[in-house]
Amino acid sequence: MNMGDHSEVSSAPITPRPMTPRLGTPPISAPITPRPMTPRLMTPPISAPPSQFHSPSLSRSPLLISVGGDQVEPAGKTPKTSKTSTPRTSRTPNFRTPIIRTPRFITPLGSPIRKALRFTKLDPQDAWLPITESRNGNAYYAAFHTLSSGIIGIQALVLPVAFTVLGWTWGTICLTAAFIWQLYTLYLLVHLHESPETGMRFSRYLQLFNATFGEKMGNIFAIFPIMYLSGGTCVALIIMGGSTMKQFYLTVCGGAACSPNPPTTAEWYLIFTCAAVVLSQLPNLNSIAGVSLIGAITAVTYCTMIWVVSVAEGRLSGVSYNPVSSSSEIGRIFDVLNALGIIAFAFRGHNLILEIQATMPSDEKHPSHVPMWKGVKFSYTIIALCLYPLTIGGYWAYGQLIPSDGGVLAALFQYHARDTSQVILGLTSLFVIINAVSSFQIYGMPTFDDIESKYTMRKKKPCPRWLRALIRALFGFGCYLMAVALPFVSKLTGLLGGFALPITLAYPCFLWLKTKKPKMYSPSWFINWGLGTSGMGLSVIVIVASIYVLIDTGIHVSFFNP
């Protein structure tokens with residue numbers, strides 16, 4: 001072609017040669033159609049199998065390499081060659097695009113896997129700890145654990161005592177308000193477990209609190225009530241379980257008919273503790289799902305048996321439903337606040353919700369809050385069907401005569417031991433014991449997890465089996481010593497309920513405000529600020545009122561004399 005004939009060149013655009021022009025070649029004045037680069041940039045990303053989302057290390061995801069906007073297939077596979085792609089020989093060495101290698105678990109920004117990985121960003125240490133060691137839980141496991149750690153149980157047995165101060169109307173109103181309030185805060189915690197913004201799963205209550213407000217604030221406001229709800233509840237379970245074992249022995253054997261020297265109360269505490277320690281050797285939270293199921297069944301059964309027998313036997317003679325009133329106005333106010341503390345003590349267990357949810361797998365399409373909330377709704381339906389008949393039926397049957405120590409269970413044995421079948425009384429005691437042993441496992445799990453986490457952080461390896469067994473045995477017998485030293489702790493339900501109240505009714509609201517940042521003056525903003533501040537104020541007032549009532553009425557303190 002004649003290079004001087006510019007008319008022919010300008011009339012017909014020339015498609016550029018695949019080879020880059022050599023340096024020094026005169027520029028061509030004709031318009032050149034640029035090489036299309038868009039198809040390579042729009043190449044769809046490669047997706048990993050959904051099963052890889054649940055792997056803690058995510059090391060099985062394919063190795064994706066980005067080369068100048070291109071995506072290369074994983075090693076071991078033959079790359080697909082497009083018909084329109086330009087051969088590698090056409091690239092100019094002086095202007096070659098640098099190769100960018102991405103880590104194995106990262107995919108191009110905006111791809112479905114990148115979004116899904118936000119829900120699977122796990123701490124490698126979690127695979128060594130008992131709460132998160134197994135993540136194959138489901139809605140059924142969540143329901144079992146929630147029932148076992150929920151409201152029904154030994155804490156529900158003392159709810160009729162609060163009615164002796166509040167009366168029918170205010171007792172029912174306060175019980176219903178507390179039930180709805182704690183169910184709402186439970187909903188907040190379930191949806192705070194996963195953070196799409198940061199890609200974290202908060203598998204423990206204290207972890208969520210520290211991440212939101214800082215570790216210093218967590219050490220001041222959160223660590224004591226959370227650890228109390230774990231260790232303190234286990235102490236109360238030993239006291240209740242050991243005392244019920246003694247009652248079961250007397251019911252079955254008829255006093256001293258079985259043995260002239262029956263075990264003492266402290267020895268019954270020790271027998272219960274040994275059973276709880278043996279059962280606590282199960283490795284992780286998911287492994288005790290069957291134990292929680294048994295505990296939930298026995299709790300529902302003995303709660304039903306207690307109120308059915310109490311109502312069937314009828315009201316006691318001389319029963320009064322007039323609220324107990326103190327001699328002074330200030331005393332009456334503090335009695336009411338102490339009764340609110342008893343109700344608050346019954347609605348504990350929120351410190352275990354995030355731990356239960358941590359046992360479930362999670363990804364973008366199947367986030368863990370969906371099965372968790374299903375399990376919670378089912379369990380709290382069962383709880384409501386047991387809680388209201390037990391409280392209202394127990395108060396109707398015994399009224400002001402209900403014992404403050406032991407509640408409706410003590411009233412059953414005190415007033416109906418002779419006119420009720422010994423089989424029913426024996427089964428009721430046995431179910432209480434089984435439920436207490438089962439609940440000990442799930443309430444002790446946060447403490448097991450906290451102690452083992454200190455070892456794994458320092459040694460960078462999982463806790464040996466022998467050390468794990470030793471830790472749990474020491475914890476169990478430590479709780480036994482506390483139960484023997486402080487056998488009157490069951491009379492402090494109002495005071496202990498005041499300390500536990502923020503975990504249940506206040507902190508979740510502040511965590512939601514800090515994390516989700518709802519629009520100022522919106523309904524969510526008003527509700528959470530109102531409930532949060534009310535919960536904190538109520539906690540302080542209940543603690544003060546409970547201390548006043550203990551000082552005013554007195555308490556028989558018997559150290560090391562259960």
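What you see below is based on every heavy atom in this structure, not just the backbone, and it leaves out hydrogens, waters and symmetry mates.
Heavy-atom neighbours of M482 CE from other residues, nucleotides or ligands within 6.0 Å: at or below the threshold of 12. Enclosure of atom CD in Q422 by more than 12 non-hydrogen atoms of other residues, nucleotides or ligands within 6.0 angstrom is indicated. Other residues, nucleotides and ligands place more than 12 heavy atoms under 6.0 Å from the NZ atom of K516. In this structure, Y141 places its OH atom where only 12 or fewer heavy-atom neighbours from other residues, nucleotides or ligands lie under 6.0 Å away. More than 12 heavy atoms of other residues, nucleotides or ligands lie within 6.0 Å of OH in Y415, so this atom counts as buried by the packing criterion.
Contact detail for S317 and L401: the closest heavy-atom pair is O-CD1, 4.2 Å. When all heavy atoms of I238 and A483 are compared, the pair lying nearest together is CG2-CB, 3.8 Å. The shortest heavy-atom contact between C479 and V235 is O-CG2, 3.8 Å. Residues W512 and P518 share a closest heavy-atom pair of O-CD, 4.1 Å. Between L147 and A296 the shortest heavy-atom distance is CB-CB, 3.5 Å. Contact record, A178 with I343: CB-CG2, 3.8 Å, taken as the closest heavy-atom pair.
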Worked check of side chain to side chain donor-acceptor pair (under 3.5 Å) between Y398 and S310: CA-CA 8 Å; Y398 307 111; S310 299; 2.7 Å; yes
Show the numbers, then the answer: is there a salt bridge (Lys or Arg N to Asp or Glu O under 4.0 Å) between D449 and K454? CA-CA 9 Å; D449 186 89; K454 292 178 173 55; over 6 Å; no
Before giving the answer on side chain to side chain donor-acceptor pair (under 3.5 Å), spell out for S230 and T447 the whole-Å C-alpha distance, their side-chain angles and the decisive distance to 0.1 Å. CA-CA 7 Å; S230 179; T447 303; 2.6 Å; yes
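With T132 contributing its side chain and D126 its backbone, the two residues share a donor-acceptor pair below 3.5 Å. A donor-acceptor contact shorter than 3.5 Å links the side chain of Y480 to the backbone of A266. Between the side chain of S522 and the main chain of K519, a donor-acceptor pair closer than 3.5 Å is present. Within the 3.5 Å criterion, the main-chain N or O of Y388 finds no donor-acceptor partner in the side chain of T391. Remark: side-chain polar atoms of S534 are paired, donor with acceptor, to backbone N or O of G530 under 3.5 angstrom. Proximity of a side-chain donor or acceptor of S287 to a complementary backbone N or O of N284 within less than 3.5 Å is detected. Between the side chain of T251 and the backbone N or O of G426 there is no donor-acceptor pair closer than 3.5 Å. Counting only distance, with no hydrogens or angles, the side chain of T359 and the backbone of N286 share no donor-acceptor pair below 3.5 Å. Looking only at distances, a side-chain donor or acceptor of N219 sits under 3.5 Å from a matching main-chain atom of E215. Side-chain atoms of T185 come within 3.5 Å of backbone atoms of Q182 as a donor-acceptor pair (strictly under, hydrogens ignored).
Ring orientation note: the planes of F347 and F179 are nearly perpendicular, at an angle over 60° on the 30°/60° scale. Using cut-offs of 30° and 60° for the angle between ring planes, the F475 and F440 rings count as tilted. A perpendicular orientation is assigned to the rings of F224 and F499, their planes being inclined by more than 60° (bins at 30° and 60°). Ring geometry for Y187 versus W373: interplanar angle over 60°, hence perpendicular rather than tilted (30 to 60°). Between W529 and F510, the angle of the ring planes goes over 60°, which puts this pair in the perpendicular group of the 30/60° scheme.
Put simply, the side chain of R135 reaches to within 4.5 Å of the side chain of R201, judged on heavy atoms. In this structure the side chain of F202 reaches within 4.5 angstrom of the side chain of M200, judged on heavy atoms. Using a 4.5 Å cut-off on side-chain heavy atoms (C-beta onward), W168 and W396 make contact. Under the 4.5 Å side-chain criterion, counting only non-hydrogen atoms from C-beta, S368 is in contact with E194. No side-chain heavy atom of L188 sits under 4.5 Å from any side-chain heavy atom of L511. By the 4.5 Å heavy-atom criterion applied to side chains, L192 and T515 are counted as neighbours. Taking the side chain as every heavy atom from C-beta outward, V408 and I402 approach each other to under 4.5 Å. In this structure, the side chains of L387 and L175 come closer than 4.5 Å at one or more pairs of heavy atoms.
Rounding to the nearest 0.5 angstrom, the gap separating the CG atom in L513 from the OG atom in S524 is 6.5 Å. One distance of note links CE of M372 with CD1 of I356; it measures 5.0 Å at 0.5 Å rounding. Going from atom CG of L481 over to atom OG1 of T273 covers 9.0 Å, rounded to the nearest 0.5 Å. A distance of 9.0 Å separates CD in Q207 from CD in E355, rounded to the nearest 0.5 Å. Within the model, atoms CD1 of I306 and OH of Y302 stand 6.5 Å from one another, a figure rounded to the nearest 0.5 Å.
Here F163 and W170 keep their ring centres 6.0 angstrom or further from each other. For Y395 and Y321, the ring centers sit closer than 6.0 Å to each other. In this structure, F213 has its ring center closer than 6.0 angstrom to the ring center of F209.
Note on K246 versus E267: no salt bridge recorded, every NZ/NE/NH1/NH2 to OD/OE distance being 4.0 Å or above.
For the residue pair S429 and T244, no side-chain donor N or O sits within less than 3.5 Å of a side-chain acceptor on the partner.
Under the side chain to side chain contact (heavy atoms under 4.5 Å, CB included) test applied with P508, the options N528, L189, L186 reduce to a single match, L189.
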